[in-house]
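Report on one structure; see the data block that follows.
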There are 2 protein chains.
Amino acid sequence: MANIQHVARQAGVSVATVSRVLNGQDTVSAKTRIKVEDAIKKLNYEPSMLGRNLRNSESRILLILIPSIKNPFYLEVIKGIENIAISQNYNILLCETDSNPERENIYFDLVRKKMADGIISMDPAVNVETLKKLAENHAIIQCSEYAEDSGIPYITIDNEEASYLAVKHLIKLGHEKIALVNSDEKYLYARQRKLGYVRALKEHGLSMNEQYIIHTEELGFEQGQQAMKKIMQLADRPTAVFAVSDLLAIGALKEINANGLHVPNDMAVVGFDKIDFSNMTNPTLTTIAQPMYKMGTIAAKMLINQIKGEHVDSIILDHELVIRESTLG
Amino acid sequence: MANIQHVARQAGVSVATVSRVLNGQDTVSAKTRIKVEDAIKKLNYEPSMLGRNLRNSESRILLILIPSIKNPFYLEVIKGIENIAISQNYNILLCETDSNPERENIYFDLVRKKMADGIISMDPAVNVETLKKLAENHAIIQCSEYAEDSGIPYITIDNEEASYLAVKHLIKLGHEKIALVNSDEKYLYARQRKLGYVRALKEHGLSMNEQYIIHTEELGFEQGQQAMKKIMQLADRPTAVFAVSDLLAIGALKEINANGLHVPNDMAVVGFDKIDFSNMTNPTLTTIAQPMYKMGTIAAKMLINQIKGEHVDSIILDHELVIRESTLG
DNA sequence: ATGAAAGCGCTAACAT
DNA sequence: ATGTTAGCGCTTTCAT
């Protein structure tokens, strides 16, 4: 494989000049440039990122930390990140932690070892202390889930308000007994979404029933089914469910159907995220739309700016209630 | 940031010795090893992959080429690749081409420029000529979709046989008018799956109706809906549909429901891939299971072996028919 | 406008 | 068992 030396020799110039041509510097005469370009072509030369990266002390790789690639919520965000990354000559390393601290540490090591220039953390289960320490020396952005007091810039939505909006929608439809399928309240977003739920009930003079609040370990389909099973067994059964993820809601949907009940007539359902699949179910799912793609693009821009040494501010994006069949009789 | 020189000075040894400790070589005395380890700790030293990679002429990155991250089929395969990669100290660069040749070329450049050590190509729309040329100098494995004559090792399933199995299942249930929702026959797997469909019909004395064969641009939900719309309009409507992806099948399901018909009584449906969602729909989807995770692990092993310079052979994995509600009255 | 040369951080061949 | 040193391929400063 040809290297820059070979090209220089072939073109009869110095490596410095070849490097200048490679990097599009305008201090090279047209004649020389052509000589170099010919040599490059003739030798089938491809500049090595390995040499360049060492020299520049950068990897041009962004690390994205997600709990699981199986959660479709992340896919759209990743698309956004990816497009910005590519346009700025970065590449992304997609890292699934499976909420496993060991895995997490392997990935953190990548940035410690300069294999990645920065991190976009989307893992709610991330070790905040480690993240904070890492942030002292490395570029880090929190996306979607964040630790408030970490001092690490984040981009997210107003979870409390979004949740409030969802529950208010159900209340306006006449529902008074509304279940909440939430994830573990060790996560900030879970606490925020519960606050919105509680606020909506309170504002409309509805009492809160602790039995109506189900906590799940994960945000998946099976957990939604399980949660709905519990709800089905309640003596005073609710007439509506708000689940904090579409996958949970879809699991609930399935379980409601399995019990021979009808959505939304017997039980209305609202999800969260507006993943693609929320429109493929029968009935289609009312849900809170997050601007996932946009969130990804902004997160990427934030990270790249931070890598450049600029100061970046946290951002809160808008959400939107998308009303579909699962709440429309 | 400390480098290997600093550590050497701090420990009072040479950089060579530090490197030996770093790489776990047993030619270092216990006393020296401890001195070095202390120095590493004291300086908070982290070895730079940038230096190591240049020196070793490797990036320890595997490039995975997929058309779109939105197709859940790939997710499970990626999981498999990822786990093997991690265990062998590789990382994966997930590259979506969106079947866009420009994108594809950006990614191919990464391996040309030594940013990646090899490629697992899963993109049916890949430019085979480019791939072949690249394979002359780089490690490449084809996964799932492949070009027969390329000489590039592949891992896949027997698409013709799998398709035959699916259609035979429908025939055994008594269906005689079976539609095929296939993707563009420019893809090998599409041609293979059509062959299986044709063979099943022939073997059971059923005539083939060209009207029953619908081609779609992509394998998604919307395309499934569109295809089903066309099928619904046929004068002599089929009683069963075999779609070559679960997403297509789920789209078909939705459209059938929208027409007030019942699955499977009015129309039986079979999908392909056994993605997670195929079990979340109502009714659940009969489908052909591909061993996606296993396919990923083997593809990764094949690629890593190829990077090491070993010869690797192509592999065909088993498939399985999973019978669920969409074909069971 | 171009070249010479240093050096990014590491590994390994060779020497001791 | 340990040290010296060359060199992986590139960019950039300093000279000219």
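Keep in mind it's a predicted model, so treat the numbers as computed, not measured. Residue numbers start from 1 in every chain, and the chains themselves are labelled A, B, ... in the order their sequence lines are given, proteins ahead of strands.
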I'd like to know if A:Lys114 and A:Asp109 make a salt bridge, using a cut-off of under 4.0 Å between side-chain N and carboxylate O.
no
Side chain to side chain donor-acceptor pair (under 3.5 Å) evaluation trace for A:Gln290 with A:Asp273:
CA-CA 5 Å; A:Gln290 297 201 48; A:Asp273 288 344; 2.9 Å; yes
Does this structure show an ion pair linking B:Asp26 with B:Arg33, if we count only N-O contacts that are shorter than 4.0 Å?
no
In residues 44-63 of chain B, what residues come within less than 4.0 Å of DNA chain D, judged by heavy atoms?
B:Leu54, B:Arg55
Working for side chain to side chain donor-acceptor pair (under 3.5 Å), residues B:Tyr45 and B:Asn3:
CA-CA 7 Å; B:Tyr45 167 72; B:Asn3 64 21; over 6 Å; no
Measure from CZ on A:Arg9 to C1' on C:dG3 and round the result to the nearest Å.
15 Å
Less than 4.0 angstrom from a charged side-chain N to a carboxylate O is my criterion; do B:Lys132 and B:Glu129 meet it?
yes
Sort out for me which residue in B:Gln306, B:Lys308, B:Lys301, B:Met302 forms a side chain to side chain contact (heavy atoms under 4.5 Å, CB included) with B:Ile304.
B:Lys308
For C:dC10 and B:Ser19 - does any side-chain N or O of the residue sit under 4.0 Å from the phosphate oxygens OP1/OP2?
no
At under 4.0 Å between heavy atoms, what does A:Val13 touch on the DNA or RNA strands: base, sugar-phosphate, or nothing?
sugar-phosphate
Under 3.5 Å, is there a donor on one side chain and an acceptor on the other for A:Tyr189 and A:Ser183?
yes
B:Tyr293 and B:Asn83: side chain donor to acceptor below 3.5 Å:
yes
Protein-nucleotide distance (A:Ile4, atom CD1; C:dG3, atom P), rounded to Å
12 Å
Output the rounded distance in Å from CD (A:Gln5) to P (C:dA4).
11 Å
For DNA chain C, determine which residues of residues 20-43 of chain B have any heavy atom closer than 4.0 angstrom to one of its atoms, and list them numerically.
B:Arg20, B:Asn23
